[in-house]
Every structure is written in structure tokens, then in C-alpha cells.
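Below, read A as the first sequence line, B as the second, and so on, with proteins coming before strands; counting in each chain starts at 1. Predicted, not measured: the structure shown is a model, and the values here were computed from it.
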2 protein chains.
Amino acid sequence: MIKEKGLSYTQAREELIDLLLHASTPLSYDNIKNSLSMDKATFYRNTALFEAAEIISSFESNDKKRYYFIEQNLHPHFICTNCNSIECLKEDIIYALNGYKIESITIKGLCPRCQKNE
Amino acid sequence: MIKEKGLSYTQAREELIDLLLHASTPLSYDNIKNSLSMDKATFYRNTALFEAAEIISSFESNDKKRYYFIEQNLHPHFICTNCNSIECLKEDIIYALNGYKIESITIKGLCPRCQKNE
DNA sequence: AAATTAAATGCAACTAAGTCGCATTTAATA
DNA sequence: TATTAAATGCGACTTAGTTGCATTTAATTT
Ligand SMILES: [Mn+2]
Ligand SMILES: [Mn+2]
Ligand SMILES: [Zn+2]
Ligand SMILES: [Zn+2]
């Protein structure tokens with residue numbers, strides 16, 4: 001995966017791809033910093049590189065943090081504006097936009113739990 | 001609009017609502033700081049208040065800035081990951097999510113212009 | 001209309017996610 | 001194994017957004 005894109009294969013990169021591949025939702029640096037052996041500068045440099053190589057995608061959440069993910073089937077992510085939780089929405093929307101290339105879709109609002117408790 | 005929600009009516013609040021009502025795309029503090037007479041602390045305190053009162057919505061863009069908008073018909077916004085431009089997509093998607101309340105939808109990718117030039 | 005008061009504002013200091021420069025290490029190739 | 005360009009770690013830095021506090025203002029009471 002890394003080598004396919006002509007990138008050199010390092011421990012840090014393997015570790016990062018591995019974490020994202022096995023994650024069930026998008027992850028921020030903060031989420032995984034304790035599981036990472038690399039420095040945060042390396043984390044961010046590699047996520048930027050992987051995004052440019054179209055290996056991963058990302059979005060900014062409500063909490064000012066960026067979340068990264070690898071996904072085969074393009075599906076939307078839901079961000080709760082109350083509890084900041086992030087969920088994968090299984091309903092594949094899409095949905096082609098003429099002339100645009102779609103990388104990610106994020107829907108913001110209230111999750112079922114937060115909507116009840118308000 | 002402000003008073004309807006039981007909020008007190010101040011010059012700063014009127015100015016802010018007015019700007020957002022007449023904007024053709026979502027706006028960040030940076031976009032309008034030169035048109036604003038209020039301090040940035042006031043800007044952010046009022047946007048937070050208006051969001052809680054459900055008068056405005058917002059999303060985080062690619063450029064680490066938060067964009068605010070008022071819109072009658074819920075439509076998605078497109079953010080280009082290359083040039084950071086933001087567009088209103090007129091095709092109303094949606095699309096109800098069972099149990100969720102939807103406040104905004106953002107689609108990230110490459111805009112037609114950036115997709116050509118790559 | 002003036003007095004009261006709680007809320008709104010401006011200012012400056014602060015926070016924290018992400019970035020950058022540079023010295024050191026490591027992966028790739030010869 | 002030696003070479004070298006690229007990757008990493010570290011600390012300093014940037015900057016959007018937040019917070020505490022003194023001052024001002026909107027709303028209510030007299
Ligand atoms: Mn997902
Ligand atoms: Mn719009
Ligand atoms: Zn929630
Ligand atoms: Zn573009």
C-alpha cells in the first residue's frame with residue numbers, strides 16, 4: 001500500500017497505516033498518541049503525505065481536531081455537535097457530483113442519544 | 001430573530017446576523033473581521049450563542065477555520081481540499097437519518113477547476 | 001426620565017492543535 | 001558495507017479560538 005504509491009516504507013508509516021486500517025471510526029492524533037511510537041511532527045507529516053497520495057482521508061471535527069481514516073466504501077460520517085462523538089453511517093449515500101471529486105462527507109447534528117436528552 | 005429566541009438585542013448581534021443573512025456562502029471570522037466593529041471575543045461568544053439557539057450553523061473547513069451560516073433550505077457545502085474554496089451545492093440532498101437531527105452537511109474533495117489542473 | 005443591575009463587550013493574556021527548522025537517524029541503492 | 005537523500009525527533013513557533021476581568025450597555029424598576 002505504501003510502496004505501491006512509491007513512498008518509502010518506514011516503521012512509523014507502517015504503524016500509522018496499521019492503526020488506521022484496523023480502526024472502526026476515524027482517529028485524531030490525540031486519540032492515538034499513546035499508542036504511537038512516533039513524534040507528533042512525524043504523525044502529521046505522514047498523514048499529509050498519505051492524503052496527498054490518496055491513501056487516507058480526513059476531516060475536521062467539532063472539537064478542532066482532525067480525524068483520519070482509510071475506507072474502501074465511501075460512506076458519510078456523523079459528528080454530534082453536543083457530545084462530539086463520531087459515527088460511520090452505513091447507508092452509502094452517494095451521489096456523484098458532476099465535475100467534482102468527492103473524498104469525504106460529514107454530517108453534523110445531534111446523535112439519537114443527545115437528541116433525547118435535551 | 002434574536003428576540004424571538006429570548007436573547008437581548010445588541011448592536012453587535014444585529015451586525016453579525018445581518019452579515020450572515022446577506023452572505024452568499026458561509027463566512028469565517030477572518031473573512032469578515034474588517035467589516036466587523038466588534039471584538040473577536042464578542043464574535044465567537046455570539047456565534048456560540050446563536051448556534052445554541054439554533055439561529056446559525058457552522059462547520060470546520062480544511063483551513064482550520066470555522067465557517068458560519070444562516071440558511072433556510074438545508075443544502076450541502078462543498079470544500080475543495082486543494083484551493084479551500086467553499087461552495088453551496090444547490091441540489092438539496094436529503095435524506096432523513098432516523099433518530100438524528102441534521103444541522104449541516106459538508107462534502108470534501110476537489111472542485112472542478114482543481115481537478116482539471118492536476 | 002433616572003437609577004439599578006445583570007448581561008454584553010473590549011482588551012490582553014492564554015490555550016492547544018498543528019507546523020517548521022535543524023541536527024540526527026534510517027531506508028534505499030550502489 | 002559505504003553512500004546519500006529522505007525520514008524522524010525535538011523544541012520553538014504559529015494562530016484560531018478561549019477566558020478572566022474591568023468597563024459599558026441593554027433591559028427593567030422606581
Ligand atoms: Mn467510517
Ligand atoms: Mn450555503
Ligand atoms: Zn451526541
Ligand atoms: Zn479547488
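- Taking atom NZ of residue B:K5 and atom P of nucleotide C:dA8, one finds them 16 Å apart after rounding to whole Å.
- With sequence neighbours excluded, the residues forming a side-chain contact (heavy atoms from CB on, under 4.5 Å) with A:L49 are A:L7, A:R13, A:N46, listed by chain and number.
- Atom pair B:E51:CD and D:dT18:C1' shows a separation of 15 Å (rounding to whole Å applied).
- Pairs of residues two or more places apart, or lying in two chains, that qualify as salt bridge (charged side-chain N to carboxylate O under 4.0 Å, His left out) and include a residue from residues 63-83 of chain B are B:D30-B:K65, B:E60-B:R66.
- Separating the CZ atom of B:F43 from the P atom of C:dC11 is a distance of 17 Å, rounded to the nearest angstrom.
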Every protein N/O within reach of nucleotides 23-27 of chain C N/O, cut-off under 3.5 Å:
residue	atom	partner	partner atom	Å
C:dA27	O3'	A:Y9	O	3.4

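- Listed by chain and residue number, A:M1, A:I17, A:I70 satisfy the side-chain contact (heavy atoms from CB on, under 4.5 Å) test with A:L21 (two or more places apart in sequence, or in another chain).
- In this view, B:K101 and B:E54 satisfy the salt bridge (charged side-chain N to carboxylate O under 4.0 Å, His left out) rule, not counting sequence neighbours.
- Classified by interplanar angle (parallel below 30°, tilted 30° to 60°, perpendicular above 60°), the ring pair B:F59/B:F69 is tilted.
- Rounded to a whole Å, the CZ atom of A:F59 is 16 Å from the P atom of C:dA17.
- Cluster partners of B:L110: none. The rule joins Ile, Leu, Val, Met, Phe, Trp and Tyr whenever side-chain heavy atoms lie under 4.5 Å apart, and it links nothing here.
- If you take CG of B:N46 and P of D:dG17, they are 15 Å apart, rounded to a whole angstrom.
- In this structure B:A41 satisfies the side-chain contact (heavy atoms from CB on, under 4.5 Å) test together with B:D39, B:R45, sequence neighbours excluded.
- Applying the salt bridge (charged side-chain N to carboxylate O under 4.0 Å, His left out) definition to pairs two or more places apart or across chains, none involves residues 75-87 of chain A.
- Per the geometry, CZ belonging to A:F50 stands 10 Å off P belonging to D:dA7, to the nearest Å.
- Listed by first and then second residue, the ring-ring contact (aromatic ring centres under 6.0 Å, His included) pairs involving residues 97-118 of chain B are A:F78-B:Y100 (not counting sequence neighbours).
- In the helix from C:dA1-D:dT30 to C:dA30-D:dT1, the rotation axis of the first five pairs and that of the last five pairs differ in direction by 40°, rounded to 10 degrees.
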Identify the pairs formed between an N or O of the protein and an N or O of nucleotides 18-20 of chain C at a distance under 3.5 Å, and give each distance.
residue	atom	partner	partner atom	Å
C:dG18	OP1	A:R66	N	2.7
C:dG18	OP2	A:Y44	OH	2.3
C:dG18	O5'	A:Y44	OH	3.4
C:dG18	N7	A:K40	NZ	3.0
C:dG18	O6	A:K40	NZ	3.2

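- With rounding to whole Å, B:N62 atom CG is found 15 Å from D:dA16 atom P.
- Note: B:I32 CD1 to B:L20 CG = 6.0 Å, rounded to the nearest 0.5 Å.
- Residues satisfying the side-chain contact (heavy atoms from CB on, under 4.5 Å) criterion with B:Y44, sequence neighbours excluded, are B:Y29, B:K40, B:T47, B:Y68.
- Contact annotation for A:S37: backbone-only contact, meaning every heavy-atom pair under 4.0 Å involves sugar-phosphate atoms and none involves a base.
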